[in-house]
2 protein chains.
Amino acid sequence: MTVGLRKHKEIQQIKLAVDCIIFGFNDNRLELLLIHRGFEPEIGKWSLIGEFIGNDEDLDDAANRVLYDLSGLQNIYMEQVKTFGKANRDSSGRVVSITYSAMILKSEYNEEQVSKYNAKWFSIDDLPELVFDHKDMVEMAIMRLRRRVRNTPIAFNLLPPKFTLPQLQALYEGILDEAIDKRNFRRKIFQMDFLVKLDEKDMSESRKGAYLYQFDKALYEKEQYFNL
Amino acid sequence: MTVGLRKHKEIQQIKLAVDCIIFGFNDNRLELLLIHRGFEPEIGKWSLIGEFIGNDEDLDDAANRVLYDLSGLQNIYMEQVKTFGKANRDSSGRVVSITYSAMILKSEYNEEQVSKYNAKWFSIDDLPELVFDHKDMVEMAIMRLRRRVRNTPIAFNLLPPKFTLPQLQALYEGILDEAIDKRNFRRKIFQMDFLVKLDEKDMSESRKGAYLYQFDKALYEKEQYFNL
DNA sequence: TCCATAAGTGTTTTTTTTACACTTATGGAT
DNA sequence: ATCCATAAGTGTAAAAAAAACACTTATGGA
């Protein structure tokens with residue numbers, strides 16, 4: 001057996017990639033942006049978007065690059081999810097893939113760019129067949145999102161800067177896939193004291209209109225308490 | 001910008017390694033097994049134990065191999081923690097490292113093997129200076145362990161098959177680094193119904209002696225409820 | 001026989017979570 | 001101008017979970 005980090009014999013021939021699980025929210029459902037794979041193997045199936053990592057590129061930078069290439073968006077919140085590395089996971093060769101999840105606003109991405117990739121949004125409960133182990137990746141990312149969304153304010157990344165409480169609640173219901181009591185939800189939200197109410201209403205969803213709110217990051221940072 | 005997964009230009013020159021964060025429990029403190037680095041760069045500092053991944057080796061297998069080489073232990077519970085991949089994290093070249101955490105019984109590892117690596121146990125609140133970003137890795141693993149230990153029965157991996165409740169409580173206190181009420185702790189443990197009480201006492205820690213218990217995995221699997 | 005030590009055991013209070021129903025503001029139809 | 005339909009907005013009570021708290025018991029050794 002080898003002893004110490006530097007004495008391995010064979011030349012390592014493993015490629016390293018990042019794959020991005022890109023979440024969006026639309027029509028009260030959590031969605032995923034997938035690309036139509038236009039090359040072998042598994043041509044025609046759907047796939048996460050990924051790229052190989054540059055020799056001098058930080059992992060996080062690679063993930064951001066991939067997202068930028070596809071969507072034209074920058075400074076998007078991303079999180080590393082898990083690294084997938086079964087020896088035979090990619091039938092085209094040995095590739096280890098580090099998955100990242102991102103949350104973007106469907107209203108803001110660059111549609112031209114996206115159509116260049118043959119990308120399409122899918123509701124998470126109506127996903128097409130995915131290449132390789134991308135289904136595992138997606139499941140892992142959804143599980144993680146559901147956990148994280150209860151303890152950190154990441155879900156706000158799926159809403160525009162100004163949003164209403166009914167919108168926010170619908171978002172949580174969509175992500176968690178469960179009904180939430182309106183009054184309990186609002187009480188919890190207001191207890192944690194990081195939303196600022198605007199003097200402005202969104203009249204597009206109801207006669208009465210719903211007040212708009214903003215997430216105040218500085219207020220959140222003070223307490224860093226989040227529990228929904 | 002490149003389009004599609006297969007059109008990158010440069011030959012990728014990134015090495016892939018796993019590093020293991022090996023936890024043990026001793027004298028009421030959570031400990032970590034570290035090796036004395038006997039080669040440049042950063043010779044003389046302490047380090048996690050790691051290895052490069054074999055070309056045909058699953059990631060998880062690589063982690064298990066590393067642990068086996070060092071400790072002689074097999075079938076040890078391991079979890080992937082996070083992948084570290086800043087371009088300059090390792091001063092000897094571009095290495096992306098996938099970290100795994102393991103929990104072993106200090107009483108069972110192979111001391112000979114361990115001494116061959118110049119390995120040593122350190123209490124987690126008295127760690128030596130570590131190479132590269134290994135301190136970040138360790139912190140991440142500890143944070144994760146503290147979270148996981150409340151929701152899954154992984155902590156039992158740090159105890160022998162038969163253990164007493166005072167031992168179990170001391171373990172939790174050591175991991176979480178906080179005092180726990182004895183009665184509340186026992187109530188919660190008994191509520192989740194997966195410990196079987198033996199007719200046997202451990203007399204080594206007190207006059208009165210404490211009953212021994214076993215973790216029954218099948219009982220746990222029934223409910224899969226864990227909350228401490 | 002006594003003593004020192006750690007093991008073992010219930011109840012009350014507080015906090016958190018859940019369940020639940022009516023009023024209000026507005027735009028559009030009559 | 002009035003009515004109506006619709007979603008927004010609001011408080012309280014019950015239940016469950018978590019936290020606080022102190023004495024008795026079994027034993028080995030003096």
Going by number, which of residues 198-206 of chain B have a non-hydrogen atom under 4.0 Å from DNA chain C? E205(B), S206(B)
Could you run through DNA chain D and flag its stems, i.e. three or more consecutive Watson-Crick or G-U pairs with both distances under 3.5 Å? C:1-30 with D:1-30
d(CG, L228(A); P, dT17(C)) in whole Å: 10 Å
Applying salt bridge (Lys or Arg N to Asp or Glu O under 4.0 Å), which residue pairs with at least one partner in residues 199-215 of chain A are found, sequence neighbours left out? K162(A)-E200(A)
Which heavy-atom pair separates M103(B) from I154(B) by the least distance, and what is that distance? SD-O, 3.7 Å
What's the spacing between S97(A) OG and I53(A) CD1 if we round to 0.5 Å? 8.0 Å
Kindly state which residues belonging to residues 166-184 of chain A come within less than 4.0 angstrom of DNA chain C, counting heavy atoms of the residue only, listed by number. D181(A), R183(A), N184(A)
Worked check of ring pair (Phe, Tyr, Trp, His ring centres under 6.0 Å) between F163(B) and F215(B): CA-CA 9 Å; F163(B) 53 85; F215(B) 173 70; 8.1 Å; no
Could you check how far CZ of R186(A) sits from P of dG11(D), rounded to whole Å? 11 Å
Keeping to residues at least two apart or across chains, list the salt bridge (Lys or Arg N to Asp or Glu O under 4.0 Å) pairs with something in residues 177-198 of chain A. R29(A)-D177(A), R150(A)-E178(A)
Side chain to side chain donor-acceptor pair (under 3.5 Å) filter on E173(A), not counting sequence neighbours, yields Q169(A)
Which residues share a side chain to side chain donor-acceptor pair (under 3.5 Å) with R144(B), sequence neighbours left out: E79(B)
I'd like to check the side chain to side chain donor-acceptor pair (under 3.5 Å) partners of T152(B); sequence neighbours left out, ordered by chain and number. none
Selection residues 102-112 of chain A - residue pairs positive for side-chain hydrogen bond (donor to acceptor under 3.5 Å, both in side chains), sequence neighbours left out: E31(A)-K106(A), Y109(A)-W121(A)
Side-chain donor or acceptor of K208(B) under 3.5 Å from a matching atom on the base of dA7(C)? yes
Applying ring-ring contact (aromatic ring centres under 6.0 Å, His included), can you list everything that pairs with F122(A), at least two apart in sequence or on another chain? W46(A)
Just the rounded figure in Å: distance from P of dA7(C) to CZ of F190(B). 13 Å
Which nucleotide in dA26(D), dA5(D), dA8(D) has an atom nearest any side-chain atom of R207(A): dA5(D)
Checking side-chain polar atoms at under 3.5 Å, does Y100(A) have a donor or acceptor matched by the opposite partner on D60(A)? yes
Using a 4.5 Å cut-off on heavy atoms from C-beta on, say whether the side chain of P153(A) contacts that of K217(A). no
Sub-3.5 Å pairs of nitrogen or oxygen atoms, protein against nucleotides 13-18 of chain D:
| from | atom 1 | to | atom 2 | distance (Å) |
| --- | --- | --- | --- | --- |
| dA18(D) | OP1 | N227(B) | ND2 | 3.4 |

Output a table of donor-acceptor pairs, distance under 3.5 Å, between side-chain atoms of residues 219-228 of chain A and any protein atom two or more places apart or on a different chain; print 'none' if there are none.
| from | atom 1 | to | atom 2 | distance (Å) |
| --- | --- | --- | --- | --- |
| Y225(A) | OH | N227(A) | ND2 | 3.4 |

